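I have placed the structure first, in the form of structure tokens, so that the comments after it can refer back to it.
What you see is a predicted model; the values in this text were computed from it and never measured. Lettering of chains follows the sequences in order, A, B, ..., and the numbering in each one begins at 1.
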Amino acid sequence: MADFEQIKGRLHHWYQANKRQLPWRETTDPYFIWLSEVILQQTRIDQGLAYFRRFTEHYPNVKLLANASEDEVLKLWQGLGYYSRARNLHQAAKTIAQQMNGNFPDTYNNIIALKGVGEYTAAAIASISFNLPHAVVDGNVFRVLARLFGIDTPIDSTAGKKLFGELAAELLDHHHPGLHNQAMMEFGALQCTPKNPNCTNCILNDCCIALQESKIDKLPVKQGKIKIRHRYFNYIVLTDDRHSYLQKRTGNDIWKNLFEFPLVEAGEKTEIDQVLKQLDQLGIPTESQILSVSNWQKQVLSHQHIHYRFIQLEQTSPKTDRSNLIRVDQKDIFKFAVPKPIEQKLAQLEWI
DNA sequence: CAGGCGTGGCC
DNA sequence: TGGCCAAGCCT
């Protein structure tokens, strides 16, 4: 039976031989490490890679990010999801630029104080950039530890977070915390995968409790089940002399601070007549004629299913004195950060 | 503190 | 196909 020292030694050796070459592994600059960690929260490397390149090109340092507008940052983030990450990233950049003279904080407590930085991200930056002994516990680490030690405490419970956090800290290599943390995560991502892990050819298959007890596909345990809420969005598409109209989503809801067509939301798939009755509230003339109505489509979010359709009205102008709508020239429309359904519609919009 | 927050890939 | 998962955080 392998002890902790042997386990971490094997993991480090495995990591050196099997790690992927990624741009954020070419540096320890905390700005770039932070950027990569925020982008990769709940996100696959394949999806986040292009965004990392995009952000580092546009904002080579934290001050340039701080000086950008939130609208511009959200536009760069468009398509990546969980947009609060972008808003918090921008706010944290402003904090660093204005209150810390552009110097990235170099202690765990100061790092975790940044907006959008929690225990995981703070530990990652502290260990990778500053060689500080903080163990990361992400989805990969939960899975590796749960299987290796045969732990069936739910990872999304308070007790589970405490238990796995303590175990990860115990296992941490205090001399090489950054290497150790990345080895744990990379091992989970490439070897000890959620489905069909490669146990036949695994450096830990002689000491893995889950494998010995045939519980690989039972661990880790998750208790949480999420409830899906269904919403119905009637998007009103207005075109007017090669212009269209958008509004900004505000308030604490999905897609906060992104732009969309004027919207009539309902609790079900209502008749068009019911939708038209509410146009007045948007500042759109209620006598507008309908040009086309799309089929219902569906956008799946983590906690909601958005059923949406597009209702295109005749060429008309909103009552500008009463509306929050933004009149946008066709050539400027792609400057706005929009959610996926709007992005797809804009790509095929027929301009009048 | 349990619930809310996007999108895409996998089987 | 629908459900699960992916380098979590905020309130």
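Nearest-nucleotide mapping onto DNA chain C: of A/Glu37 and A/Lys115, the residue sitting toward the 5' end is A/Glu37. Nearest-nucleotide positions on DNA chain C place A/Pro220 closer to the 5' end than the other of A/Gly118 and A/Pro220.
Between A/Ile33 atom CD1 and C/dA7 atom C1' the separation is 12 Å, expressed in whole Å. One interatomic measurement links the two molecules: CZ of A/Phe142 to P of C/dG8, which rounds to 10 Å at whole-angstrom precision. Atom CZ in A/Arg20 sits about 11 Å away from atom C1' in C/dA6, given to the nearest Å. For the pair A/Lys222 NZ and C/dC4 P, the interatomic distance rounds to 9 Å; values are reported in whole Å. Put simply, CG on A/Asn257 is 17 Å from P on C/dC10, counting in whole angstrom units. Taking atom NE2 of residue A/His305 and atom P of nucleotide C/dG3, one finds them 8 Å apart after rounding to whole Å. Taking atom OH of residue A/Tyr15 and atom P of nucleotide C/dA7, one finds them 14 Å apart after rounding to whole Å. Protein atom CG of A/Leu49 is 19 Å distant from nucleotide atom P of C/dA6, rounded to whole Å.
Residues A/Ile228 make up the rest of the hydrophobic cluster containing A/Ile226, defined by ILVMFWY side-chain heavy atoms closer than 4.5 Å, directly or through other members.
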Q. Should A/Gln41 and A/Tyr120 be marked as a side-chain hydrogen bond (donor to acceptor under 3.5 Å, both in side chains) after you check the CA-CA gap, both sets of side-chain angles, and the distance that decides it?
A. CA-CA 9 Å; A/Gln41 287 168 9; A/Tyr120 163 77; over 6 Å; no
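Legend: salt bridge (charged side-chain N to carboxylate O under 4.0 Å, His left out) pairs involving residues 170-189 of chain A, not counting sequence neighbours, sorted by first then second residue: A/Arg20-A/Glu186, A/Arg25-A/Glu186.
Using a distance-only test at 3.5 Å, with no hydrogens or angles considered, a donor-acceptor pair links the side chain of A/Lys8 to the main chain of A/Leu171.
Residue A/Arg249 is classed as having no contact, given no heavy-atom separation below 4.0 Å to the nucleic acid. Looking at heavy-atom distances under 4.0 Å, A/Ser36 makes no contact with the nucleic acid at all. Among the atoms of the strands shown, only primed sugar atoms or phosphate atoms (P, OP1, OP2) are found under 4.0 Å from some heavy atom of A/Glu119. Residue A/Ile226 is out of contact with every strand shown, counting any heavy-atom pair closer than 4.0 Å. Within 4.0 Å (heavy atoms only), A/Trp24 reaches at least one base atom of the nucleic acid.
Annotation: B/dC5 and C/dA7 have their P atoms spaced 23 Å apart (nearest Å). Remark: the separation of the P atoms in B/dG3 and C/dC4 is 16 Å, to the nearest Å.
In summary, A/Glu57 and A/Arg53 do not engage in a salt bridge, as defined by a charged side-chain N under 4.0 Å from a carboxylate O.
Exactly one of A/Arg249, A/Lys248, A/Lys340, A/Lys345 qualifies for a salt bridge (charged side-chain N to carboxylate O under 4.0 Å, His left out) with A/Glu260. That residue is A/Arg249.
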Q: Do nucleotides 1-11 of chain B as a string where each nucleotide becomes B, S or -: B if the base has a protein heavy atom under 4.0 Å, S if just the sugar-phosphate does, - if no protein is that close.
A: ---BBBBB-B-
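With a 6.0 Å cutoff to the six-membered ring centre and a 45° limit on the axis angle, A/Arg85 does not count as a cation-pi contact of A/Tyr82.
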